[in-house]
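For ligands, and for the atoms within them, numbers begin at 1 and follow the listed sequence. No hydrogens, no waters, no symmetry mates; every other heavy atom, side chains included, goes into these values.
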Amino acid sequence: MTGFGIDHLPYGVASRSGRDLVVVRLDDDVIDLAALASASPPGFDPAVLAGPSLAPLMAAGAGVWADVRAWLQDVLPDSSVGCIPLAEVEMQMPFAVADYVDFYASLNHASNVGRIFRPDAEPLLPNWRHLPVGYHGRAGTVVPSGTPIVRPAGQRRPGPDGRPRFGPSEALDIEAELGFVVGAPSRMGEPVPAGAFADHVFGVTLLNDWSARDIQAWEYVPLGPFLGKSFATSISPWITPLAALDDARVPLPGQDPEPLDYLQVAEPAGYAIDLEVVVNGTVVARPPYGSMYWSPAQMLAHMTVNGASLRTGDLYGSGTISGPERAQRGSFLELSWGGTEPFTLDDGATRTYLQDGDTVILRATAGTVTLGEVAGTLTSP
Ligand code: CA
């Protein structure tokens, strides 16, 4: 079992002989969907599969997404048209990211960060249990798996002379997250209710929110993350359709106090998706998405409740996924407790934050479904 069977069928864009093809992955092959549609004409407009990006399919809406998936599950078992070995293609950025928003939806992560940065105060700020906290990130630096990540330089907290220090980040980190990909747009002035989540969200991808903790710590008050985050965000080239995760739906762990009406969701609103953070071949953490406090439907409702519109290609991240156990923490910040407790890799090396040359891979499974991994290697500036 590969995790990429007929029950999964993630979408991507594969490059071959200079052409960018809209594909699904089936085991260790990709299927050129335009070629398949020529041989087995579907009941929907095949122009949505023409490429060179997933955007036309994403914009077509949930009815077409269901039609395409039903057609694929009907046709693929008896057809090899358009079938290309995965090893013969190069996966591309599957769509142009429109707006990028990142949330902070893990109670365990937010509590850990609060304890590390504000040890003498309540770990959670007063708003945290009432709304999914988020910020707008930089869409133009969302890159596909495999893109090298250059260690960013920036201002850090002042030294003894009172002047900010400047130079390459000395506390470069990862954040293991899920990314939610918006397909169907909405109109400005019209909030999207939580119940319309599956009408607007096309699918899910793994996301690594590279973070420079020292730059972040100096710049983030009072307006939030900026250059400590905006230099790079990596995503998997594979977008898993929401329909492939139906069997992974689970109730949220529980919300207290009860959220406002616009944030109420029908259960099960969470997903049992188990992640792995792999550093130079060592699994350093296994964050459980099922432990997240805020659901993706609530995040969607919150980011549109003021009437802000959705565009095809909007991407929103879950925030770092951390479970209650130490081995379930989705960032080096938490694994090393603010850089004070180094952890050990299989080769005996220790880490607090990333070193140049380190490769980080995020993997995830949800039952029989394996999400496409996201990898990145850190290079010196
Ligand atoms: Ca993040």
Side-chain angles (χ1 to χ4, degrees), residues 97 99-117 123-125 127-128 131-143 145 147 149 152 154 169 171-182 204-221 223-236 271 273 275-277 279 284-285 287-289 291-296 298-300 302-303 314-323 328-336 338 353-354 360-362 364 371 374 376 378:
V97 176
D99 285 294
Y100 169 48
V101 166
D102 198 19
F103 284 95
Y104 193 52
S106 162
L107 177 65
N108 298 113
H109 174 70
S111 300
N112 287 338
V113 171
R115 289 189 186 102
I116 292 167
F117 283 143
L124 294 181
L125 293 172
N127 59 4
W128 198 89
L131 56 83
V133 170
Y135 70 97
H136 276 269
R138 191 165 194 84
T141 49
V142 179
V143 294
S145 178
T147 304
I149 305 301
S169 170
L172 197 66
D173 199 354
I174 59 110
E175 293 191 337
E177 305 193 18
L178 289 187
F180 297 90
V181 178
V182 172
V204 176
T205 187
L206 274 171
L207 184 151
N208 184 349
D209 176 24
W210 303 92
S211 300
R213 300 301 181 193
D214 43 1
I215 297 172
Q216 182 183 356
W218 170 232
E219 73 177 1
Y220 86 106
V221 178
L223 290 185
F226 187 32
L227 302 180
K229 300 274 194 176
S230 63
F231 57 95
T233 305
S234 299
I235 63 168
S236 170
Y271 287 94
I273 301 174
L275 280 76
E276 284 185 344
V277 180
V279 179
V284 300
Y289 187 78
S291 68
M292 297 296 270
Y293 189 91
W294 293 106
S295 73
Q298 290 172 316
M299 295 188 279
L300 185 75
H302 186 63
M303 73 180 185
D314 283 356
L315 172 70
Y316 64 99
S318 61
T320 308
I321 303 162
S322 292
Q328 296 177 326
R329 298 172 183 166
S331 69
F332 283 32
L333 173 72
E334 295 162 272
L335 288 166
S336 73
Y353 293 104
L354 288 162
V360 178
I361 300 175
L362 306 182
L371 272 63
V374 56
L378 185 65

Asker: Regarding Ser322 and Glu334, do their side chains bring together a donor and an acceptor under 3.5 Å, going by distance alone?
Answerer: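 Checked: Ser322/Glu334 side chains pair up, N/O donor to acceptor below 3.5 Å.
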Asker: Angle at the Ca ion (ligand 1): provide the value between OE2 of Glu177 and OE1 of Glu175, rounding to 10 degrees.
Answerer: 90°
Asker: For the residue pair Phe180 and Tyr289, does the interplanar ring angle fall in the parallel (under 30°), tilted (30 to 60°) or perpendicular (over 60°) class?
Answerer: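 Plane angle between 30° and 60°, so tilted.
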Asker: Kindly indicate, with the supporting measurements, whether the criterion side-chain contact (heavy atoms from CB on, under 4.5 Å) is fulfilled by Ser106 and Ile321.
Answerer: CA-CA 6 Å; Ser106 162; Ile321 303 162; 5.7 Å; no
Asker: Looking at Asp102, pick out the N, O or S atom nearest to the Ca ion (ligand 1) and give its name.
Answerer: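 The atom in question is OD2.
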Asker: Would you name the N/O/S atom of Asp209 that lies closest to the Ca ion (ligand 1)?
Answerer: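 The nearest such atom is OD2.
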Asker: Can you label the angle between the Trp128 ring and the Tyr293 ring as parallel, tilted or perpendicular, going by 30° and 60°?
Answerer: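 Plane angle between 30° and 60°, so tilted.
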